[in-house]
Protein chains: 2
Amino acid sequence: MTKKTRRLVTIHDVAKASGVSVSTISRVLNQKSDVAEETQQRVLEVIQQLGYSSNLAARSMRSSRTYMIGLIVPDVEYAYSLEVLKGVNHAIATSDYDLLIYTTGSFQKQDTAVHEQQYVSRLNGTVTDGVIVVTPSARSFSSTAPIVSIDPHVIVENYPTVYVDHYQGAVEAVRYLVELGHRRIAYITGRSGMQNSERYRAYCDVLAEAGIPYDPDLVHEGDYSIDCGTVGARVLLALPDRPTAIFAANDQTAIGVSEAVEQLGVRIPDDLSLIGFDNIPEARFYQLTSVDHPLMQMGMMAVELLIKAIEGQTIEETITKIPTRLVVRKSCQALAENVKSL
Amino acid sequence: MTKKTRRLVTIHDVAKASGVSVSTISRVLNQKSDVAEETQQRVLEVIQQLGYSSNLAARSMRSSRTYMIGLIVPDVEYAYSLEVLKGVNHAIATSDYDLLIYTTGSFQKQDTAVHEQQYVSRLNGTVTDGVIVVTPSARSFSSTAPIVSIDPHVIVENYPTVYVDHYQGAVEAVRYLVELGHRRIAYITGRSGMQNSERYRAYCDVLAEAGIPYDPDLVHEGDYSIDCGTVGARVLLALPDRPTAIFAANDQTAIGVSEAVEQLGVRIPDDLSLIGFDNIPEARFYQLTSVDHPLMQMGMMAVELLIKAIEGQTIEETITKIPTRLVVRKSCQALAENVKSL
DNA sequence: GCAGGAATTGGAAGCGCTCCCGAAATTTTA
DNA sequence: TAAAATTTCGGGAGCGCTTCCAATTCCTGC
């Protein structure tokens, strides 16, 4: 039965039931050494018997150790976040900590940077011992407890950061298309921010390096969503001099492209080569060539760093850059002799 | 910069800075009416200026309203949980509440029921105003704040519950196979619990109804994992009188089957019909016929119910049963004339 | 011109917990 | 055997907040 007791069992009840003081109970709970073996046993029994569980709020108000780690994630519905989540979850499982995920569905909102601070202070130093922030927009946080960021929009040296070499990854992707003989290569961007601009820079650099003139018509603005992929595909393929390849800022957008393309009667890879970024699990099903972004691994590393920080160890290198890897599937094809556009 | 201030700004700092008492600040924060317009303005300004955010722990220790809803989920890596999560997230987005997800990776552990209570009391009445528990094993919870359960292992009337008609769904699935002419129908079970036994009961009932004798060799014990699907497939297909169809307790297991089968040189649906349960997104990619389990919708309903309960409204019907729907894809085939087994 | 009421505010208790400090009990040392 | 050291435990302050209660000011109306 759901007992709607007015109050849950507190440390006082345990104290009364076991005939010792509240302080002693607290000592047992926190595994302090100065408590008699016998007393400890008795207290532990009573705790078990009463089903007592210490009040997180009260506990964390006094001592800042809660053995909880917070994960602040922009959008739990996007595969990107879920992959990170999996990695974090794995690492947590083998640690002494529990995981608390805080989401606000603010991925699409504009004022993220403002809210992020609020979320951080909501959790950190209150209910969690430290926080991992995924793709933060904010450049800095005020917090009493440690913070680790994953793939921030702007790289700053203030707190440990795990991120992926977006520039290098994008270079590989675009270069791959160039090597296949493509010259009309379109790019569907993500939302503004460091990651996106890095990828954009790579796109431009590789074109320049290959002596391909930059065509603004081939750059379509997106926002990492599936929809922007479908829209982008329609716009780009309606161009008089249509592209032979599309580089999408992330896999989700690439999936949007491939879905739109199907309806337009354009075949991948025969009529259009397509390449994504992130290598999310779904990419496999779409046979999508993509830049692998080891999100799970990054999540695990972030946890490691955070726990180190929580436990007072110094972290020598704040910035951890992880290499990407091009995963070739069947969404790209060499452009045989007809390099001269359509 | 990450300011590692010893203490964050408290209500006292705000009080001092705005020249009023702590009580007044609290009144402003909680939007009580009895505060002069002018004072309120001034306090609000100071709050803004100092970047003050009230301490969740302290606040929730006194008043039980935190405007946070907890989701206790057994395993964030399984698509089932993720679908529920999406629904919950959607519903939360349009409410006044924020979402806190608590996971412990205990899906595979045995003593879940024991731990669940701990997790509930950890959050509820402390940091959250109410909690949604996904697939609880426990029959009852002691809690000061409302609880809603999704798909519990055992249906109890103690708290609002949203669940799906497993029996009916499984009946449809097995009946579909029978109608296709299959008589050697295997079943790979999930872990013990209500959901599984309901599906099992349906399996037996439909066989009986069709006059097909029950063969214990065709029931393989699983645990909802991918692995048990691959193992199950190997065992079942090694049988002298091998099944022509497999009903898997969930899609994950079905996916395991289809992966094993590929290696064994058995083709789906030509040599083996396969049907799953839950209709997770991946099912589409595997062309898996499955019983649709509207998890997102269930998540949304659970949030609605919980908010009602939190806000003191009475919930007329505690148990909400949601119908399933058979989604036919290409993993099943009629067994033409050769119904006489191989 | 003064009692009674409303509007506004401050004081203080206490939520459940941790932890410092010192007391009591016990053991060790001279 | 007395003093000192050690072990074990209780008292109590206080974390940041809400909320009851009471105090203060300022209007009303007679």
Side-chain angles (χ1 to χ4, degrees), chain A residues 5-43 46-47 50-68 121-127 129 144-145, chain B residues 5-43 46-47 50-68 121-127 129 144-145:
Chain A
T5 34
R6 198 111 309 276
R7 293 170 45 231
L8 238 23
V9 35
T10 76
I11 201 171
H12 285 100
D13 302 319
V14 179
K16 209 170 295 167
S18 49
V20 291
S21 78
V22 175
S23 336
T24 304
I25 309 295
S26 174
R27 268 186 284 259
V28 172
L29 288 173
N30 296 285
Q31 317 196 47
K32 299 287 165 120
S33 51
D34 57 345
V35 75
E37 177 68 24
E38 190 195 356
T39 321
Q40 177 163 315
Q41 279 314 322
R42 189 151 34 91
V43 169
V46 172
I47 287 178
L50 263 53
Y52 168 75
S53 164
S54 80
N55 184 315
L56 192 74
R59 148 171 281 180
S60 73
M61 218 170 79
R62 290 292 305 163
S63 80
S64 38
R65 285 311 279 280
T66 58
Y67 286 97
M68 292 266 221
S121 38
R122 197 90 180 268
L123 290 189
N124 234 0
T126 284
V127 102
D129 291 343
T144 47
Chain B
T5 35
R6 199 113 308 276
R7 291 171 46 231
L8 238 23
V9 34
T10 77
I11 201 171
H12 284 100
D13 303 319
V14 179
K16 208 170 295 168
S18 48
V20 291
S21 78
V22 174
S23 339
T24 304
I25 308 294
S26 173
R27 270 185 282 258
V28 172
L29 287 173
N30 295 286
Q31 320 196 43
K32 300 284 164 126
S33 51
D34 55 347
V35 145
E37 177 68 24
E38 190 195 355
T39 321
Q40 177 161 316
Q41 279 314 322
R42 189 149 35 91
V43 170
V46 173
I47 287 179
L50 262 54
Y52 168 75
S53 164
S54 82
N55 183 316
L56 192 74
R59 150 171 279 181
S60 74
M61 217 170 79
R62 291 290 306 166
S63 79
S64 38
R65 285 310 280 278
T66 57
Y67 285 97
M68 293 265 221
S121 38
R122 197 89 179 268
L123 291 189
N124 233 1
T126 283
V127 103
D129 291 344
T144 47

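Remember, it's a predicted structure, so these values are computed and weren't measured experimentally. Below, chain A is the first sequence line, B the second, and so on; all start at residue 1.
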- [ ] Starting from the 5' end of DNA chain D, give me the residue, B:Ala57 or B:Ser23, whose nearest nucleotide shows up first.
- [x] B:Ala57
Task: Any side-chain heavy-atom pair of B:Thr10 and B:Asn55 under 4.5 Å - done: no
Open item on the list: Run the side-chain contact (heavy atoms from CB on, under 4.5 Å) test on B:Val46 and B:Val43 for me, step by step, so that the C-alpha distance in whole Å, both residues' side-chain angles and the decisive distance to 0.1 Å come before the verdict.
Closed with: CA-CA 5 Å; B:Val46 173; B:Val43 170; 5.8 Å; no
Task: Sole residue of A:Val9, A:Ile11, A:Val14 in side-chain contact (heavy atoms from CB on, under 4.5 Å) with A:Ile47 - done: A:Val14
TODO: To the nearest Å, give me how far apart CD1 (B:Ile11) and P (D:dC15) are.
DONE: 14 Å
- [ ] Taking all non-hydrogen atoms of both residues into account, name the closest pair between A:Ser18 and A:Arg42 and its distance.
- [x] O-NH1, 2.6 Å
- [ ] Report the distance from atom CD of A:Glu38 to atom P of C:dT26, rounded to the nearest whole Å.
- [x] 12 Å
Open item on the list: Side chain of A:Ser54 only, heavy atoms from C-beta on: which candidate in D:dT19, C:dC17, D:dC17 is closest?
Closed with: C:dC17
- [ ] Kindly say if B:Arg59 contacts the phosphate of D:dT18, meaning a side-chain N or O under 4.0 Å from OP1 or OP2.
- [x] yes
Open item on the list: Rounded to whole Å, how long is the line connecting atom CD1 of B:Ile25 with atom P of D:dC17?
Closed with: 10 Å
- [ ] Quick one: pull up OG in A:Ser21 and NE2 in A:His12 and give me the separation to the nearest 0.5 Å.
- [x] 9.5 Å
Task: Spacing of B:His12 atom NE2 relative to C:dG10 atom P, expressed in whole Å - done: 13 Å
Open item on the list: Expressed as a whole number of angstroms, how long is the span from B:Leu29:CG to D:dC17:C1'?
Closed with: 9 Å
Please list, for nucleotides 6-9 of chain C, all pairs of protein and nucleotide N/O atoms separated by less than 3.5 Å.
unit_1 : atom_1 : unit_2  : atom_2 : d
C:dT9  : OP1    : B:Thr39 : OG1    : 2.7
C:dT9  : OP2    : B:Ala36 : N      : 2.9
C:dT9  : OP2    : B:Thr39 : OG1    : 3.3

Open item on the list: Less than 4.0 angstrom between a side-chain N/O of B:Tyr52 and OP1 or OP2 of D:dC17, yes or no?
Closed with: yes
Open item on the list: Taking the nucleotide of DNA chain C with the nearest heavy atom to each, does B:Gly19 or B:Ala58 sit closer to the 5' end?
Closed with: B:Gly19
Open item on the list: For a quick check under 3.5 Å, do A:Ser23 and A:Ser26 share a side-chain donor-acceptor pair by atom type?
Closed with: no
Open item on the list: Can you tell me how far apart CD (A:Gln31) and CD (A:Gln40) are? Round to the nearest 0.5 Å.
Closed with: 8.0 Å
Task: Candidates D:dC17, C:dT18, C:dG16 - which lies nearest the side chain of A:Asn55 - done: C:dG16
Task: Length of the NZ-C1' vector between A:Lys32 and C:dC20, whole Å - done: 10 Å
